[in-house]
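Handing you a structure now.
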Amino acid sequence: CETCSKEEAKYRCPRCMKYSCSLLCVKKHKLALSCNGVRDKTAFVSVNEFTDLNLLSDYRFLEDVGRTADAAARLPTVHSPTTRKLLCCLRNKARKCDIDLRTLPIGFTKRRENSTTFNGTEKKFYWHLKLVFPHCHAEYTLKGVPDDKTLADILKPYIDPVESDPVVCQRLKIYTMSPQSDVRILMKIENRKQNSIRYNELDASRTLLENLKGKVIIEYPTLFVVLKTLKSDMVVLGQ
């Protein structure tokens, strides 16, 4: 068992492939790794390991996607002039700030999740934002983040040894115990080939708006918070 290291393993998680010996250890590993236990149908499988079962799984997955897209296209909200007008307005405001904001069709998870708004009176974006801490397998979703807030202030409740929440601090212990100078904030560059994934490194001392200028955003920004000593598998553009 990869959780307690005491008993013989009986179960294997379909998602992360961790071995467990009991229901208690299964629950513990799900909590520790934020694992939902559901097999990732889009996970990479090498040609050498590809079997008829993988082919059948892919075929069924594509069928499910087709049915979901067809059902989404029938929703009344897709044809709502109000919805289209609001999205068009949001994209135009972003374009004026030199941000290439792109929205997905109704039915996509990111489209349903996105709560980004633009306040016309304050002339300010309030972003839906996702923070990913890959070294701890943790993700946090923030809503209504003002665009004039610096990235350092956004991260304080998570990785600051003094100001962070005790529960969050314990979960992100590897970050809170590392020097702040080792923390790097990356954002994936969109519209690149799958075998050429690159990231932009953001400046924590600058505002969210300043960091997003000149970049392509699909629905909302997703920021990867990594440590300089452990980010070897995430290639920054230009390296």
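Excluded from the calculations below are hydrogen atoms, water molecules and symmetry mates; all remaining heavy atoms, backbone and side chain alike, are included.
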Query raised in the report: Are there more than 12 heavy atoms of other residues, nucleotides or ligands under 6.0 Å from atom CZ of R60?
Result: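 Atom CZ in R60 is not packed in, count stays at 12 or less.
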
Query raised in the report: Do any N or O atoms from the side chain of H135 and from the backbone of Y175 form a donor-acceptor pair under 3.5 angstrom?
Result: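 Checking the backbone N and O of Y175 against the side chain of H135, no donor-acceptor pair under 3.5 Å is found.
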
Query raised in the report: Should V145 and L90 be regarded as members of a common hydrophobic cluster, given that ILVMFWY residues are connected when their side-chain heavy atoms come within less than 4.5 Å of each other, either directly or indirectly?
Result: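 V145 and L90: one cluster.
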
Query raised in the report: Has E7 got more than 12 heavy atoms of other residues, nucleotides or ligands less than 6.0 Å from its CD?
Result: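 Not buried by this count: 12 neighbours or fewer within 6.0 Å.
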
Requested in this report: List the steps, then state whether ring-ring contact (aromatic ring centres under 6.0 Å, His included) holds for F224 with Y199.
Outcome: CA-CA 9 Å; F224 294 85; Y199 296 84; 5.6 Å; yes

Query raised in the report: Is M177 atom CE crowded by more than 12 heavy atoms from other residues, nucleotides or ligands, each under 6.0 Å away?
Result: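 Open.
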
Report task. Mind checking side-chain contact (heavy atoms from CB on, under 4.5 Å) for S57 and listing every partner two or more places apart, or none if nothing turns up? Result ->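 Partners of S57 by the side-chain contact (heavy atoms from CB on, under 4.5 Å) criterion, ordered by chain and then number, come out as R39.
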
Query - Residue from K130, R102, R111 passing side chain to side chain donor-acceptor pair (under 3.5 Å) with E219 - result: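 So, applying the side chain to side chain donor-acceptor pair (under 3.5 Å) to E219 and each of K130, R102, R111, only R111 qualifies.
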
Query raised in the report: Do R67 and D70 meet the salt-bridge criterion of a basic N to acidic O distance under 4.0 Å?
Result: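 So D70 does not pair with R67 through a salt bridge.
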
Query raised in the report: With no hydrogens and no angle check, is any side-chain donor or acceptor of D147 less than 3.5 Å from a backbone partner on F125?
Result: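 Yes; at least one donor-acceptor contact below 3.5 Å.
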
Query raised in the report: Salt bridge or not for D148 and K124, using N-O below 4.0 Å?
Result: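 Salt bridge between D148 and K124, a charged N being under 4.0 Å from a carboxylate O: yes.
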
Query raised in the report: Are any non-hydrogen side-chain atoms of D40 and R15 less than 4.5 angstrom apart?
Result: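 Yes, at least one pair of side-chain atoms sits under 4.5 Å.
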
Query raised in the report: Considering residues, nucleotides and ligands other than K27, do more than 12 of their heavy atoms fall under 6.0 Å from its NZ?
Result: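 Check fails, neighbour count at 12 or below.
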
Query - Y11 ring center near Y19 ring center (under 6.0 Å) - result: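 Y11 vs Y19: aromatic centres not under 6.0 Å.
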
Report task. Taking N92 for its side chain and C88 for its backbone only, find out whether a donor-acceptor pair lies under 3.5 Å. Result ->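 Yes, the answer is positive, given that a donor and an acceptor are paired below the 3.5 Å cut-off.
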
